[in-house]
Q: 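Below you will find the structure I want to go over with you.
Fair warning: this is a prediction, and the values are worked out from it, not measured in the lab.
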Amino acid sequence: MPVTLSVIKHKMDDHIGQHVLVTSQIGRRKTTKRRGILRETFPAVFVVELDPGNANFERVSYSYTDILTKNIEVDFDASRAV
């Protein structure tokens with residue numbers, strides 16, 4: 001079954017307020033992992049509020065297209081539930 005941007009957005013809407021681990025592809029065989037809480041979803045992007053002390057900035061936004069093209073991977077962390 002093909003995944004569309006609207007399906008990805010609706011799945012993200014169901015997890016607002018939950019802890020999330022976002023793994024980003026930043027280059028050839030290089031990734032970054034960021035933990036935080038999914039705070040908001042918008043028509044084209046979603047916002048993750050990062051855990052304090054782990055980054056130089058408080059929030060980061062990602063596009064649903066990043067998930068569709070597999071540039072990022074989003075995992076909802078059940079062990080750190082709100």
Q: Under a 4.5 Å cut-off applied to non-hydrogen side-chain atoms, are Leu21 and Lys33 in contact?
A: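 They are in side-chain contact.
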
Q: Check whether Ile8 and Val74 end up in the same hydrophobic cluster, where Ile, Leu, Val, Met, Phe, Trp and Tyr are linked by side-chain heavy atoms less than 4.5 Å apart.
A: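 Yes, because Ile8 and Val74 connect within a single hydrophobic cluster, where side-chain heavy atoms sit under 4.5 Å apart.
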
Q: In terms of hydrophobic clustering (I, L, V, M, F, W, Y; side-chain heavy atoms under 4.5 Å; direct or indirect links), are Val48 and Ile16 co-clustered?
A: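 Linked, Val48 and Ile16 end up in one cluster.
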
Q: Measure the CD-NZ distance between Gln25 and Lys70 for me, rounded to the nearest 0.5 Å.
A: 11.5 Å

Q: Hydrophobic cluster membership, with links at side-chain heavy-atom distances under 4.5 Å among I/L/V/M/F/W/Y: are Val60 and Phe42 in one?
A: no

Q: Mind checking the CZ-NE2 spacing from Arg35 to His19? Nearest 0.5 Å is all I need.
A: 9.5 Å

Q: Say whether Phe76 and Val3 are linked into one hydrophobic cluster, either directly or through other cluster members, by side-chain heavy-atom distances under 4.5 angstrom.
A: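 Looking at the clustering, Val3 is in the same group as Phe76.
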
Q: Going through the checks in order, is the side-chain contact (heavy atoms from CB on, under 4.5 Å) test met by Leu5 and Leu68?
A: CA-CA 7 Å; Leu5 294 176; Leu68 186 64; 3.9 Å; yes

Q: Applying the 4.5 Å side-chain criterion to the ILVMFWY set and letting contacts propagate, would Val45 and Met12 be lumped into a single cluster?
A: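 Each belongs to a different hydrophobic cluster.
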
Q: Is the backbone of Ile26 close enough, under 3.5 Å, to the side chain of Ser24 for a donor and an acceptor to pair up by distance?
A: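 Looks like no, no N/O pair under 3.5 Å.
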
Q: Begin with the C-alpha distance, continue with both residues' side-chain angles, and end with the deciding distance and a verdict on side-chain contact (heavy atoms from CB on, under 4.5 Å) for Thr23 and Ile72.
A: CA-CA 5 Å; Thr23 305; Ile72 66 168; over 6 Å; no

Q: Indicate yes or no: at least one non-hydrogen side-chain atom of Leu38 is less than 4.5 angstrom from one of Gln18.
A: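 Contact flag for Leu38/Gln18 side chains = no.
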
Q: Can you tell if the side chain of Val20 reaches within under 4.5 Å of the side chain of His15, non-hydrogen atoms only?
A: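 In short, these two side chains do not touch, never coming nearer than 4.5 Å.
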
Q: Determine whether Phe46 and Ile67 make a side-chain contact, defined as any pair of heavy atoms from C-beta on separated by less than 4.5 Å.
A: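 The answer is yes; the side chains approach within 4.5 Å.
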
Q: How about Pro43 and Tyr64: do any of their side-chain heavy atoms sit closer than 4.5 Å?
A: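 Pro43 does not reach Tyr64 side chain to side chain.
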
Q: Looking at Lys11, I'd like to know if its NZ atom is crowded, meaning that more than 12 non-hydrogen atoms belonging to other residues, nucleotides or ligands lie closer than 6.0 Å.
A: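 Atom NZ in Lys11 is not crowded, with 12 or fewer foreign heavy atoms closer than 6.0 Å.
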
Q: For Arg39, I'd like to know if atom CZ has over 12 heavy atoms of other residues, nucleotides or ligands within 6.0 Å.
A: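 More than 12 heavy atoms, drawn from other residues, nucleotides or ligands, come within 6.0 Å of this atom.
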
Q: Please report the shortest heavy-atom distance between Glu49 and Arg59, naming the atom on each side.
A: CA-CG, 4.2 Å

